[in-house]
Amino acid sequence: MADPKGFLNHDREVATARPTGERVRDWNEVYRPGALLPLISKQASRCMDCGIPFCHNGCPLGNLIPEWNDYAWRDDWSAASERLHATNNFPEFTGRLCPAPCEAACVLGINQQPVTIKNVEVTIIDKAWDSGDVTPQPPERLSGKTVAVIGSGPAGLAAAQQLTRAGHTVAVYERADRIGGLLRYGIPEFKMEKRHINRRIEQMRAEGTKFRTETEIGRDIDAKKLRKRYDAVVIAAGATTSRDLPVPGRELTGIHVAMEYLPLANKVQEGDLTVAPITAEGKHVVVIGGGDTGADCVGTAHRQGAASVTQLEIMPRPGEERSAGQPWPTFPMLYKVTSAHEEGGERVYAVSTTHFEGDEDGNVQWLHLIEVEFKDGKLEQKPGTERKIPAQLVTLAMGFTGTDRENGLVEQFGLEVDARGNIARDAEFATNVPGVYAAGDAGRGQSLIVWAIAEGRSAARGVDRFLTGASALPAPVKPTDRALTV
(Lines give C-alpha, C1' and ligand atoms only; values in the text may rest on other atoms or scores of the structure.)
Protein backbone atom coordinates (compact mmCIF):
# COMPACT_ATOMS: atom_id res chain seq x y z
CA MET A 1 0.00 0.00 0.00
CA ALA A 2 1.38 3.38 -0.98
CA ASP A 3 0.48 5.49 2.07
CA PRO A 4 -1.88 4.00 4.68
CA LYS A 5 -3.15 7.49 5.53
CA GLY A 6 -2.98 9.00 2.06
CA PHE A 7 -6.72 9.08 1.54
CA LEU A 8 -7.12 10.76 4.95
CA ASN A 9 -4.40 13.37 4.46
CA HIS A 10 -5.05 14.44 0.86
CA ASP A 11 -8.15 15.55 -1.00
CA ARG A 12 -8.74 14.89 -4.67
CA GLU A 13 -6.89 17.40 -6.83
CA VAL A 14 -6.59 17.64 -10.62
CA ALA A 15 -4.46 19.85 -12.81
CA THR A 16 -5.81 23.25 -13.80
CA ALA A 17 -6.36 23.60 -17.54
CA ARG A 18 -4.95 26.53 -19.48
CA PRO A 19 -7.10 29.69 -19.35
CA THR A 20 -10.06 29.43 -21.70
CA GLY A 21 -9.17 32.67 -23.45
CA GLU A 22 -5.77 31.21 -24.30
CA ARG A 23 -6.70 27.71 -25.34
CA VAL A 24 -9.59 28.61 -27.68
CA ARG A 25 -7.02 30.45 -29.82
CA ASP A 26 -5.09 27.26 -30.54
CA TRP A 27 -5.68 23.53 -30.98
CA ASN A 28 -3.20 22.26 -28.41
CA GLU A 29 -4.32 20.02 -25.57
CA VAL A 30 -6.04 21.98 -22.83
CA TYR A 31 -3.51 20.87 -20.19
CA ARG A 32 0.09 21.96 -20.41
CA PRO A 33 2.57 19.04 -20.70
CA GLY A 34 3.73 18.00 -17.24
CA ALA A 35 0.98 19.95 -15.45
CA LEU A 36 -0.14 16.86 -13.56
CA LEU A 37 3.26 15.70 -12.35
CA PRO A 38 3.48 17.85 -9.18
CA LEU A 39 0.12 16.47 -8.02
CA ILE A 40 0.45 12.81 -8.85
CA SER A 41 2.49 11.47 -5.92
CA LYS A 42 -0.05 12.70 -3.39
CA GLN A 43 -2.98 11.64 -5.54
CA ALA A 44 -1.56 8.13 -6.07
CA SER A 45 -1.12 7.85 -2.29
CA ARG A 46 -4.90 8.15 -1.88
CA CYS A 47 -5.30 4.63 -3.32
CA MET A 48 -6.30 2.35 -0.43
CA ASP A 49 -5.05 -0.93 -1.96
CA CYS A 50 -8.50 -2.40 -1.28
CA GLY A 51 -8.92 -6.07 -0.49
CA ILE A 52 -11.36 -6.18 -3.39
CA PRO A 53 -10.34 -3.40 -5.79
CA PHE A 54 -13.59 -2.63 -7.59
CA CYS A 55 -11.69 -0.35 -9.98
CA HIS A 56 -10.61 -3.60 -11.69
CA ASN A 57 -14.25 -4.41 -12.38
CA GLY A 58 -15.11 -0.90 -13.46
CA CYS A 59 -12.38 -1.06 -16.11
CA PRO A 60 -12.99 -3.68 -18.82
CA LEU A 61 -9.24 -3.89 -19.39
CA GLY A 62 -8.75 -5.11 -15.82
CA ASN A 63 -6.04 -2.51 -15.23
CA LEU A 64 -3.82 -3.23 -12.22
CA ILE A 65 -4.60 0.16 -10.74
CA PRO A 66 -3.48 -0.27 -7.09
CA GLU A 67 -0.15 -1.64 -8.28
CA TRP A 68 0.75 1.25 -10.57
CA ASN A 69 -0.60 3.77 -8.05
CA ASP A 70 1.89 2.35 -5.54
CA TYR A 71 4.78 2.55 -8.01
CA ALA A 72 3.85 6.12 -8.97
CA TRP A 73 3.81 7.15 -5.31
CA ARG A 74 7.28 5.66 -4.90
CA ASP A 75 8.55 7.42 -8.06
CA ASP A 76 9.31 4.05 -9.66
CA TRP A 77 8.01 5.13 -13.04
CA SER A 78 9.53 2.27 -15.02
CA ALA A 79 7.78 -0.33 -12.87
CA ALA A 80 4.57 1.69 -13.06
CA SER A 81 4.80 1.71 -16.86
CA GLU A 82 5.37 -2.06 -16.96
CA ARG A 83 2.26 -2.68 -14.84
CA LEU A 84 0.24 -0.24 -16.91
CA HIS A 85 1.22 -1.89 -20.21
CA ALA A 86 0.51 -5.34 -18.80
CA THR A 87 -3.20 -4.78 -19.47
CA ASN A 88 -3.42 -1.78 -21.80
CA ASN A 89 -1.70 -1.31 -25.16
CA PHE A 90 -2.41 2.41 -25.38
CA PRO A 91 -2.69 4.11 -21.96
CA GLU A 92 -1.91 7.51 -23.48
CA PHE A 93 -5.20 7.21 -25.39
CA THR A 94 -7.34 6.03 -22.47
CA GLY A 95 -5.69 8.43 -20.04
CA ARG A 96 -6.87 11.32 -22.20
CA LEU A 97 -10.13 10.08 -23.66
CA CYS A 98 -11.75 7.54 -21.36
CA PRO A 99 -14.56 8.76 -19.05
CA ALA A 100 -12.93 6.62 -16.35
CA PRO A 101 -15.47 4.02 -15.20
CA CYS A 102 -12.66 2.85 -12.92
CA GLU A 103 -13.03 6.03 -10.88
CA ALA A 104 -16.78 5.54 -10.59
CA ALA A 105 -16.02 2.10 -9.10
CA CYS A 106 -13.27 3.31 -6.76
CA VAL A 107 -13.98 2.16 -3.19
CA LEU A 108 -12.87 5.53 -1.85
CA GLY A 109 -15.70 7.03 -3.90
CA ILE A 110 -18.28 5.55 -1.53
CA ASN A 111 -17.91 8.50 0.83
CA GLN A 112 -15.17 10.70 -0.69
CA GLN A 113 -14.04 11.88 -4.10
CA PRO A 114 -12.38 8.90 -5.85
CA VAL A 115 -8.70 8.52 -6.66
CA THR A 116 -7.60 10.45 -9.77
CA ILE A 117 -6.87 7.19 -11.57
CA LYS A 118 -7.03 8.67 -15.06
CA ASN A 119 -4.57 11.45 -14.20
CA VAL A 120 -2.12 8.98 -12.66
CA GLU A 121 -2.39 6.80 -15.75
CA VAL A 122 -1.60 9.54 -18.26
CA THR A 123 1.29 10.81 -16.13
CA ILE A 124 2.86 7.34 -16.00
CA ILE A 125 2.70 6.82 -19.75
CA ASP A 126 3.92 10.33 -20.61
CA LYS A 127 6.94 9.84 -18.36
CA ALA A 128 7.50 6.40 -19.90
CA TRP A 129 7.69 7.91 -23.38
CA ASP A 130 9.95 10.73 -22.20
CA SER A 131 12.34 8.33 -20.46
CA GLY A 132 12.50 5.80 -23.30
CA ASP A 133 10.71 3.03 -21.42
CA VAL A 134 8.31 2.48 -24.33
CA THR A 135 10.17 0.47 -26.94
CA PRO A 136 9.21 -1.89 -29.80
CA GLN A 137 8.59 -5.50 -28.76
CA PRO A 138 9.00 -7.56 -31.93
CA PRO A 139 8.31 -11.30 -31.71
CA GLU A 140 11.20 -13.70 -31.19
CA ARG A 141 10.05 -15.79 -34.15
CA LEU A 142 7.33 -15.73 -36.78
CA SER A 143 4.49 -18.22 -36.97
CA GLY A 144 4.17 -18.15 -40.75
CA LYS A 145 0.50 -17.18 -40.37
CA THR A 146 -1.01 -13.99 -41.80
CA VAL A 147 -3.82 -11.82 -40.42
CA ALA A 148 -5.69 -8.88 -41.94
CA VAL A 149 -7.19 -6.31 -39.56
CA ILE A 150 -9.91 -4.11 -41.04
CA GLY A 151 -10.01 -0.76 -39.27
CA SER A 152 -7.31 1.14 -37.39
CA GLY A 153 -9.22 2.50 -34.41
CA PRO A 154 -8.35 1.40 -30.86
CA ALA A 155 -9.84 -2.10 -31.30
CA GLY A 156 -8.05 -2.76 -34.58
CA LEU A 157 -4.72 -1.40 -33.36
CA ALA A 158 -4.91 -3.40 -30.12
CA ALA A 159 -5.69 -6.62 -31.99
CA ALA A 160 -2.93 -5.95 -34.51
CA GLN A 161 -0.30 -5.26 -31.88
CA GLN A 162 -1.19 -8.35 -29.86
CA LEU A 163 -1.16 -10.61 -32.92
CA THR A 164 2.09 -9.14 -34.22
CA ARG A 165 3.78 -9.73 -30.89
CA ALA A 166 2.46 -13.31 -30.96
CA GLY A 167 4.49 -13.86 -34.13
CA HIS A 168 1.88 -13.49 -36.86
CA THR A 169 2.32 -11.27 -39.90
CA VAL A 170 -0.36 -8.59 -39.60
CA ALA A 171 -1.59 -6.00 -42.08
CA VAL A 172 -4.00 -3.26 -40.98
CA TYR A 173 -6.37 -1.86 -43.63
CA GLU A 174 -7.75 1.65 -43.16
CA ARG A 175 -10.05 3.44 -45.60
CA ALA A 176 -8.91 6.92 -44.52
CA ASP A 177 -5.62 8.47 -45.60
CA ARG A 178 -4.06 8.08 -42.15
CA ILE A 179 -4.07 5.42 -39.46
CA GLY A 180 -6.12 5.95 -36.32
CA GLY A 181 -9.81 5.67 -37.18
CA LEU A 182 -11.94 7.93 -35.00
CA LEU A 183 -8.90 8.54 -32.81
CA ARG A 184 -7.44 10.38 -35.80
CA TYR A 185 -10.41 12.13 -37.34
CA GLY A 186 -13.18 11.94 -34.73
CA ILE A 187 -11.27 13.22 -31.68
CA PRO A 188 -10.30 16.91 -31.85
CA GLU A 189 -6.67 17.90 -31.44
CA PHE A 190 -7.40 19.77 -28.20
CA LYS A 191 -8.48 16.50 -26.55
CA MET A 192 -5.59 14.43 -27.85
CA GLU A 193 -2.77 15.68 -30.03
CA LYS A 194 -2.17 13.28 -32.89
CA ARG A 195 1.51 12.95 -32.10
CA HIS A 196 0.43 10.37 -29.52
CA ILE A 197 -1.04 8.21 -32.30
CA ASN A 198 1.94 8.74 -34.58
CA ARG A 199 4.52 7.45 -32.15
CA ARG A 200 2.45 4.34 -31.36
CA ILE A 201 2.20 3.63 -35.08
CA GLU A 202 5.97 3.91 -35.39
CA GLN A 203 6.37 1.49 -32.48
CA MET A 204 4.02 -0.96 -34.20
CA ARG A 205 5.85 -0.60 -37.53
CA ALA A 206 9.12 -1.41 -35.75
CA GLU A 207 7.46 -4.52 -34.27
CA GLY A 208 6.45 -5.68 -37.76
CA THR A 209 2.84 -4.55 -38.25
CA LYS A 210 2.06 -3.43 -41.80
CA PHE A 211 -0.35 -0.58 -42.58
CA ARG A 212 -2.43 -0.07 -45.72
CA THR A 213 -4.23 3.27 -45.89
CA GLU A 214 -6.83 4.52 -48.39
CA THR A 215 -8.02 0.95 -48.85
CA GLU A 216 -11.65 0.19 -48.09
CA ILE A 217 -12.54 -3.47 -47.85
CA GLY A 218 -15.76 -4.03 -49.74
CA ARG A 219 -15.09 -1.28 -52.27
CA ASP A 220 -11.37 -1.28 -53.11
CA ILE A 221 -10.81 -4.96 -52.26
CA ASP A 222 -13.50 -7.60 -52.34
CA ALA A 223 -13.96 -9.09 -48.87
CA LYS A 224 -13.98 -12.67 -50.17
CA LYS A 225 -10.68 -12.12 -51.95
CA LEU A 226 -9.19 -10.68 -48.77
CA ARG A 227 -10.29 -13.77 -46.85
CA LYS A 228 -8.52 -16.03 -49.35
CA ARG A 229 -5.34 -13.97 -49.08
CA TYR A 230 -5.01 -14.22 -45.28
CA ASP A 231 -5.22 -17.03 -42.76
CA ALA A 232 -7.53 -14.96 -40.55
CA VAL A 233 -9.33 -11.62 -40.59
CA VAL A 234 -10.30 -9.28 -37.75
CA ILE A 235 -13.10 -6.83 -38.51
CA ALA A 236 -12.70 -3.73 -36.35
CA ALA A 237 -14.40 -1.27 -38.67
CA GLY A 238 -16.36 0.48 -35.92
CA ALA A 239 -20.00 1.55 -35.74
CA THR A 240 -19.74 4.46 -38.14
CA THR A 241 -23.35 4.80 -39.31
CA SER A 242 -24.51 8.05 -37.68
CA ARG A 243 -27.99 8.37 -36.19
CA ASP A 244 -29.87 10.95 -38.27
CA LEU A 245 -32.71 13.33 -37.44
CA PRO A 246 -35.54 12.90 -39.97
CA VAL A 247 -37.53 16.08 -39.33
CA PRO A 248 -38.80 18.70 -41.81
CA GLY A 249 -35.99 20.88 -43.11
CA ARG A 250 -33.27 18.25 -42.64
CA GLU A 251 -32.27 18.73 -46.30
CA LEU A 252 -31.26 22.38 -45.75
CA THR A 253 -27.62 23.33 -46.31
CA GLY A 254 -25.64 23.67 -43.09
CA ILE A 255 -26.96 20.58 -41.29
CA HIS A 256 -24.33 17.87 -40.90
CA VAL A 257 -23.70 14.75 -38.86
CA ALA A 258 -20.79 15.21 -36.47
CA MET A 259 -18.50 12.92 -38.46
CA GLU A 260 -18.85 15.17 -41.49
CA TYR A 261 -17.87 18.20 -39.41
CA LEU A 262 -15.13 17.03 -37.00
CA PRO A 263 -12.78 15.28 -39.48
CA LEU A 264 -12.43 18.43 -41.57
CA ALA A 265 -11.19 20.40 -38.57
CA ASN A 266 -8.64 17.66 -37.91
CA LYS A 267 -7.51 17.74 -41.52
CA VAL A 268 -6.73 21.43 -41.13
CA GLN A 269 -4.49 20.55 -38.17
CA GLU A 270 -2.83 17.81 -40.24
CA GLY A 271 -2.00 20.43 -42.88
CA ASP A 272 -4.23 18.92 -45.58
CA LEU A 273 -6.55 21.94 -45.68
CA THR A 274 -6.04 25.64 -45.06
CA VAL A 275 -9.65 26.23 -44.04
CA ALA A 276 -12.29 23.63 -43.21
CA PRO A 277 -15.04 23.47 -45.88
CA ILE A 278 -17.56 23.24 -43.03
CA THR A 279 -16.73 25.92 -40.46
CA ALA A 280 -18.47 27.58 -37.53
CA GLU A 281 -16.74 30.92 -38.07
CA GLY A 282 -19.17 33.78 -37.46
CA LYS A 283 -22.18 31.46 -37.29
CA HIS A 284 -24.79 30.60 -34.70
CA VAL A 285 -24.06 26.93 -34.05
CA VAL A 286 -26.43 24.34 -32.61
CA VAL A 287 -25.14 20.93 -31.53
CA ILE A 288 -27.83 18.27 -31.13
CA GLY A 289 -26.68 15.62 -28.67
CA GLY A 290 -25.32 15.99 -25.17
CA GLY A 291 -22.59 13.33 -25.17
CA ASP A 292 -18.84 13.43 -25.70
CA THR A 293 -19.12 13.80 -29.47
CA GLY A 294 -21.43 16.77 -28.93
CA ALA A 295 -18.87 18.32 -26.59
CA ASP A 296 -16.20 17.80 -29.26
CA CYS A 297 -18.37 19.76 -31.69
CA VAL A 298 -18.79 22.52 -29.09
CA GLY A 299 -15.05 22.88 -28.52
CA THR A 300 -14.35 22.81 -32.25
CA ALA A 301 -16.93 25.54 -32.88
CA HIS A 302 -15.35 27.72 -30.21
CA ARG A 303 -11.94 27.46 -31.86
CA GLN A 304 -13.38 28.23 -35.29
CA GLY A 305 -14.85 31.49 -34.00
CA ALA A 306 -18.58 30.74 -33.73
CA ALA A 307 -20.90 33.66 -32.98
CA SER A 308 -22.75 31.47 -30.47
CA VAL A 309 -22.90 27.79 -29.53
CA THR A 310 -25.95 26.00 -28.14
CA GLN A 311 -26.00 22.31 -27.24
CA LEU A 312 -29.34 20.50 -27.06
CA GLU A 313 -30.10 17.31 -25.14
CA ILE A 314 -33.44 15.49 -25.17
CA MET A 315 -32.95 14.01 -21.70
CA PRO A 316 -33.38 16.04 -18.48
CA ARG A 317 -30.33 17.60 -16.85
CA PRO A 318 -28.50 14.98 -14.73
CA GLY A 319 -27.76 15.59 -11.09
CA GLU A 320 -24.32 16.52 -9.79
CA GLU A 321 -24.21 13.66 -7.25
CA ARG A 322 -25.09 9.97 -7.38
CA SER A 323 -28.77 9.26 -7.09
CA ALA A 324 -30.14 6.38 -5.04
CA GLY A 325 -31.02 4.65 -8.29
CA GLN A 326 -27.37 4.64 -9.40
CA PRO A 327 -25.50 3.17 -6.42
CA TRP A 328 -21.78 2.60 -6.20
CA PRO A 329 -19.98 0.94 -8.01
CA THR A 330 -22.16 1.47 -11.09
CA PHE A 331 -21.26 4.19 -13.58
CA PRO A 332 -23.51 7.14 -12.68
CA MET A 333 -25.11 9.57 -15.09
CA LEU A 334 -23.91 12.90 -13.70
CA TYR A 335 -23.87 16.48 -14.90
CA LYS A 336 -20.55 16.73 -16.68
CA VAL A 337 -18.65 19.91 -17.50
CA THR A 338 -15.97 19.20 -20.09
CA SER A 339 -13.20 21.56 -21.11
CA ALA A 340 -15.33 22.56 -24.11
CA HIS A 341 -18.22 23.56 -21.86
CA GLU A 342 -15.87 25.65 -19.71
CA GLU A 343 -15.08 27.68 -22.82
CA GLY A 344 -18.63 28.98 -23.23
CA GLY A 345 -21.91 28.26 -24.92
CA GLU A 346 -25.35 27.32 -23.64
CA ARG A 347 -26.64 23.87 -22.75
CA VAL A 348 -30.37 23.22 -23.04
CA TYR A 349 -31.89 20.03 -21.60
CA ALA A 350 -35.22 18.26 -22.06
CA VAL A 351 -35.94 19.63 -25.53
CA SER A 352 -36.69 18.03 -28.89
CA THR A 353 -36.19 19.46 -32.37
CA THR A 354 -39.43 19.72 -34.34
CA HIS A 355 -38.13 21.18 -37.61
CA PHE A 356 -35.58 23.43 -39.28
CA GLU A 357 -36.27 26.68 -41.09
CA GLY A 358 -34.12 28.06 -43.91
CA ASP A 359 -33.66 31.18 -46.00
CA GLU A 360 -34.62 31.65 -49.62
CA ASP A 361 -31.33 30.10 -50.74
CA GLY A 362 -31.90 26.85 -48.84
CA ASN A 363 -29.50 27.55 -45.97
CA VAL A 364 -30.57 26.65 -42.44
CA GLN A 365 -31.31 29.73 -40.30
CA TRP A 366 -33.52 28.60 -37.43
CA LEU A 367 -34.09 25.50 -35.34
CA HIS A 368 -37.56 24.99 -33.86
CA LEU A 369 -37.75 23.05 -30.61
CA ILE A 370 -40.21 22.09 -27.91
CA GLU A 371 -39.73 21.07 -24.29
CA VAL A 372 -40.31 17.42 -23.39
CA GLU A 373 -40.91 15.45 -20.22
CA PHE A 374 -41.32 11.85 -19.12
CA LYS A 375 -44.85 10.72 -18.33
CA ASP A 376 -45.60 7.10 -17.49
CA GLY A 377 -42.22 6.12 -18.86
CA LYS A 378 -42.79 7.89 -22.18
CA LEU A 379 -41.29 11.07 -23.55
CA GLU A 380 -44.02 13.59 -24.32
CA GLN A 381 -43.99 17.13 -25.69
CA LYS A 382 -45.16 19.99 -23.45
CA PRO A 383 -47.72 22.10 -25.33
CA GLY A 384 -47.07 25.83 -25.36
CA THR A 385 -43.27 25.51 -24.98
CA GLU A 386 -42.38 25.82 -28.67
CA ARG A 387 -39.71 28.30 -29.62
CA LYS A 388 -36.99 28.81 -32.21
CA ILE A 389 -33.31 29.60 -31.88
CA PRO A 390 -30.85 30.88 -34.51
CA ALA A 391 -28.97 28.06 -36.27
CA GLN A 392 -26.66 28.66 -39.23
CA LEU A 393 -24.66 25.49 -38.62
CA VAL A 394 -26.20 22.40 -37.04
CA THR A 395 -24.23 19.29 -36.10
CA LEU A 396 -25.99 16.03 -35.28
CA ALA A 397 -24.11 14.23 -32.52
CA MET A 398 -26.71 11.68 -31.50
CA GLY A 399 -24.58 8.56 -31.63
CA PHE A 400 -24.22 5.70 -34.09
CA THR A 401 -26.51 2.89 -35.14
CA GLY A 402 -24.12 0.19 -36.35
CA THR A 403 -21.34 -0.73 -38.69
CA ASP A 404 -21.26 0.55 -42.28
CA ARG A 405 -23.49 -1.57 -44.51
CA GLU A 406 -23.08 0.48 -47.70
CA ASN A 407 -19.53 -0.53 -48.57
CA GLY A 408 -20.43 -4.19 -49.08
CA LEU A 409 -18.13 -5.62 -46.41
CA VAL A 410 -20.85 -7.38 -44.42
CA GLU A 411 -22.59 -8.83 -47.48
CA GLN A 412 -19.39 -9.90 -49.28
CA PHE A 413 -18.18 -11.82 -46.25
CA GLY A 414 -21.67 -13.22 -45.72
CA LEU A 415 -21.72 -12.11 -42.09
CA GLU A 416 -24.66 -12.50 -39.77
CA VAL A 417 -25.76 -9.43 -37.81
CA ASP A 418 -27.70 -9.19 -34.57
CA ALA A 419 -30.95 -7.35 -33.86
CA ARG A 420 -29.04 -4.09 -33.28
CA GLY A 421 -27.26 -4.26 -36.62
CA ASN A 422 -23.91 -5.29 -35.12
CA ILE A 423 -21.82 -8.15 -36.48
CA ALA A 424 -22.74 -11.32 -34.57
CA ARG A 425 -19.94 -13.33 -32.94
CA ASP A 426 -19.48 -16.22 -30.52
CA ALA A 427 -17.63 -16.41 -27.20
CA GLU A 428 -14.28 -16.35 -29.03
CA PHE A 429 -15.26 -13.24 -31.05
CA ALA A 430 -15.57 -15.45 -34.14
CA THR A 431 -18.26 -14.65 -36.71
CA ASN A 432 -20.27 -17.22 -38.64
CA VAL A 433 -17.54 -17.18 -41.32
CA PRO A 434 -14.60 -19.45 -40.36
CA GLY A 435 -11.44 -17.45 -39.67
CA VAL A 436 -13.24 -14.09 -39.54
CA TYR A 437 -13.50 -12.31 -36.18
CA ALA A 438 -15.19 -9.08 -35.07
CA ALA A 439 -13.98 -6.71 -32.35
CA GLY A 440 -14.86 -3.30 -31.00
CA ASP A 441 -17.86 -1.22 -31.98
CA ALA A 442 -18.46 -3.32 -35.10
CA GLY A 443 -19.59 -6.16 -32.85
CA ARG A 444 -20.46 -4.42 -29.58
CA GLY A 445 -22.08 -1.28 -30.94
CA GLN A 446 -21.10 2.25 -29.98
CA SER A 447 -19.05 2.09 -26.79
CA LEU A 448 -16.03 3.44 -24.91
CA ILE A 449 -12.37 3.36 -25.92
CA VAL A 450 -11.52 1.02 -23.02
CA TRP A 451 -14.08 -1.49 -24.28
CA ALA A 452 -12.63 -1.22 -27.80
CA ILE A 453 -9.08 -1.95 -26.62
CA ALA A 454 -10.31 -4.78 -24.37
CA GLU A 455 -12.23 -6.32 -27.27
CA GLY A 456 -9.23 -6.00 -29.58
CA ARG A 457 -7.06 -7.82 -27.05
CA SER A 458 -9.70 -10.52 -26.50
CA ALA A 459 -10.32 -11.06 -30.21
CA ALA A 460 -6.56 -11.40 -30.73
CA ARG A 461 -6.57 -14.34 -28.34
CA GLY A 462 -9.39 -15.97 -30.31
CA VAL A 463 -7.50 -15.51 -33.57
CA ASP A 464 -4.25 -16.80 -32.06
CA ARG A 465 -6.02 -19.96 -30.86
CA PHE A 466 -7.61 -20.43 -34.27
CA LEU A 467 -4.23 -20.18 -35.99
CA THR A 468 -2.09 -22.18 -33.56
CA GLY A 469 -4.44 -24.29 -31.45
CA ALA A 470 -3.56 -22.51 -28.18
CA SER A 471 -2.81 -19.00 -26.97
CA ALA A 472 -1.07 -17.26 -24.08
CA LEU A 473 -2.60 -13.90 -25.01
CA PRO A 474 -4.98 -12.35 -22.45
CA ALA A 475 -8.72 -12.04 -23.03
CA PRO A 476 -10.04 -9.42 -20.59
CA VAL A 477 -13.67 -9.43 -21.78
CA LYS A 478 -16.29 -11.64 -23.38
CA PRO A 479 -18.54 -10.37 -26.19
CA THR A 480 -21.49 -10.51 -23.79
CA ASP A 481 -19.84 -8.51 -20.98
CA ARG A 482 -21.37 -5.13 -20.22
CA ALA A 483 -20.45 -2.14 -18.11
CA LEU A 484 -21.47 -1.82 -14.46
CA THR A 485 -24.69 0.13 -14.93
CA VAL A 486 -28.24 -0.02 -13.65
Side-chain angles (χ1 to χ4, degrees), residues 60 93-94 97-99 101 150-158 174-176 180-188 191-192 216-219 234-247 250 255-266 278 287-300 311-315 331 333 336 338 353 394-411 415-425 431 438-456 459 479 482-483 485:
F93 301 165
T94 54
L97 304 176
C98 180
I150 303 172
S152 66
L157 291 179
E174 168 58 51
R175 63 182 175 181
L182 291 187
L183 291 172
R184 173 75 64 180
Y185 287 129
I187 301 297
K191 283 183 68 174
M192 186 180 73
E216 185 169 11
I217 308 304
R219 285 198 173 100
V234 178
I235 301 173
T240 55
T241 302
S242 299
R243 180 174 286 107
D244 212 330
L245 184 63
V247 298
R250 170 63 179 89
I255 305 172
H256 305 274
V257 296
M259 287 307 135
E260 293 172 342
Y261 173 61
L262 293 173
L264 295 173
N266 281 342
I278 304 172
V287 178
I288 302 178
D292 288 338
T293 302
D296 294 343
C297 292
V298 170
T300 298
Q311 186 176 18
L312 307 182
E313 168 58 55
I314 197 169
M315 302 299 290
F331 190 75
M333 298 299 294
K336 183 179 178 182
T338 70
T353 302
V394 178
T395 60
L396 309 179
M398 303 180 298
F400 303 88
T401 60
T403 194
D404 189 347
R405 298 292 296 273
E406 295 183 359
N407 60 11
L409 183 150
V410 171
E411 285 70 25
L415 298 171
E416 294 178 356
V417 296
D418 62 22
R420 292 176 173 266
N422 304 314
I423 298 173
R425 62 265 176 94
T431 70
D441 290 0
R444 172 170 292 272
Q446 178 186 346
S447 190
L448 304 179
I449 184 172
V450 279
W451 282 98
I453 295 174
E455 287 224 351
R482 291 296 180 264
T485 59

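Values below: every heavy atom of this structure, side chains too, minus hydrogens, waters and symmetry copies. The model shown is predicted, which means the values in this text are computed figures rather than measured ones.
- Residues that satisfy the side chain to side chain contact (heavy atoms under 4.5 Å, CB included) test with N422, not counting sequence neighbours, are D418, R420.
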Might you work through the side chain to side chain contact (heavy atoms under 4.5 Å, CB included) test for R184 and N266, ending with a clear yes or no? CA-CA 8 Å; R184 173 75 64 180; N266 281 342; over 6 Å; no
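- The backbone N or O of G180 sits less than 3.5 Å from a side-chain atom of S152, completing a donor-acceptor pair.
- To the nearest 0.5 Å, the span separating CG on L396 from OG1 on T293 amounts to 12.0 Å.
- For V417, the side chain to side chain contact (heavy atoms under 4.5 Å, CB included) partners at least two apart in sequence or on another chain are R405, V410.
- Summarising the geometry of G440 relative to A155, their closest heavy-atom pair is CA-CB, 3.7 Å, with the distance given to 0.1 Å.
- Considering every non-hydrogen atom in both D441 and S447, the closest pair reads OD1-N, 3.4 Å.
- The two residues P246 and D244 come nearest to each other via the heavy atoms CD-O, 3.6 Å.
- Closest non-hydrogen pair, F400 versus S242, comes out as CE2-OG, 3.6 Å.
- Residue T94 holds its OG1 atom at 10.0 Å from CE of M192, rounded to the nearest 0.5 Å.
- Looking at every heavy atom in both residues, V450 comes nearest to C98 through CG1-SG, 3.6 Å.
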Next item on the list: Check the pair L183 / I449 against side chain to side chain contact (heavy atoms under 4.5 Å, CB included), numbers first and verdict last.
Entry: CA-CA 9 Å; L183 291 172; I449 184 172; 3.8 Å; yes
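- Atom CE of M333 sits in a sparse spot, with 12 or fewer heavy atoms from other residues, nucleotides or ligands closer than 6.0 Å.
- Looking at every heavy atom in both residues, R444 comes nearest to R425 through N-NH2, 3.6 Å.
- Side chains of V394 and I288 form a contact here, defined as non-hydrogen atoms less than 4.5 Å apart.
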Note to self: Using the rule given for side chain to side chain contact (heavy atoms under 4.5 Å, CB included), can you reason through T338 versus D296, listing the C-alpha separation, both sets of side-chain angles and the distance that settles it, and then say yes or no?
What the structure shows: CA-CA 9 Å; T338 70; D296 294 343; over 6 Å; no
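- With sequence neighbours excluded, no residue forms a side chain to side chain donor-acceptor pair (under 3.5 Å) with R243.
- Panel note: side chain T395, backbone A258; no donor-acceptor pair is recorded below 3.5 Å.
- Note: I150 CD1 to E216 CD = 10.5 Å, rounded to the nearest 0.5 Å.
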request  = Give the intermediate values and the outcome of side chain to side chain contact (heavy atoms under 4.5 Å, CB included) for residues D292 and K336.
outcome  = CA-CA 10 Å; D292 288 338; K336 183 179 178 182; 3.0 Å; yes
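- Counting heavy atoms from C-beta outward, L182 and M259 have side chains that approach closer than 4.5 Å.
- L415 CG to T431 OG1: the interatomic distance, rounded to the nearest 0.5 Å, is 5.0 Å.
- Of the inter-residue distances, the one linking F93 atom CZ with I187 atom CD1 reads 11.0 Å to the nearest 0.5 angstrom.
- For the atom pair CZ of R175 and CG of L409, the computed distance is 9.5 Å after rounding to the nearest 0.5 Å.
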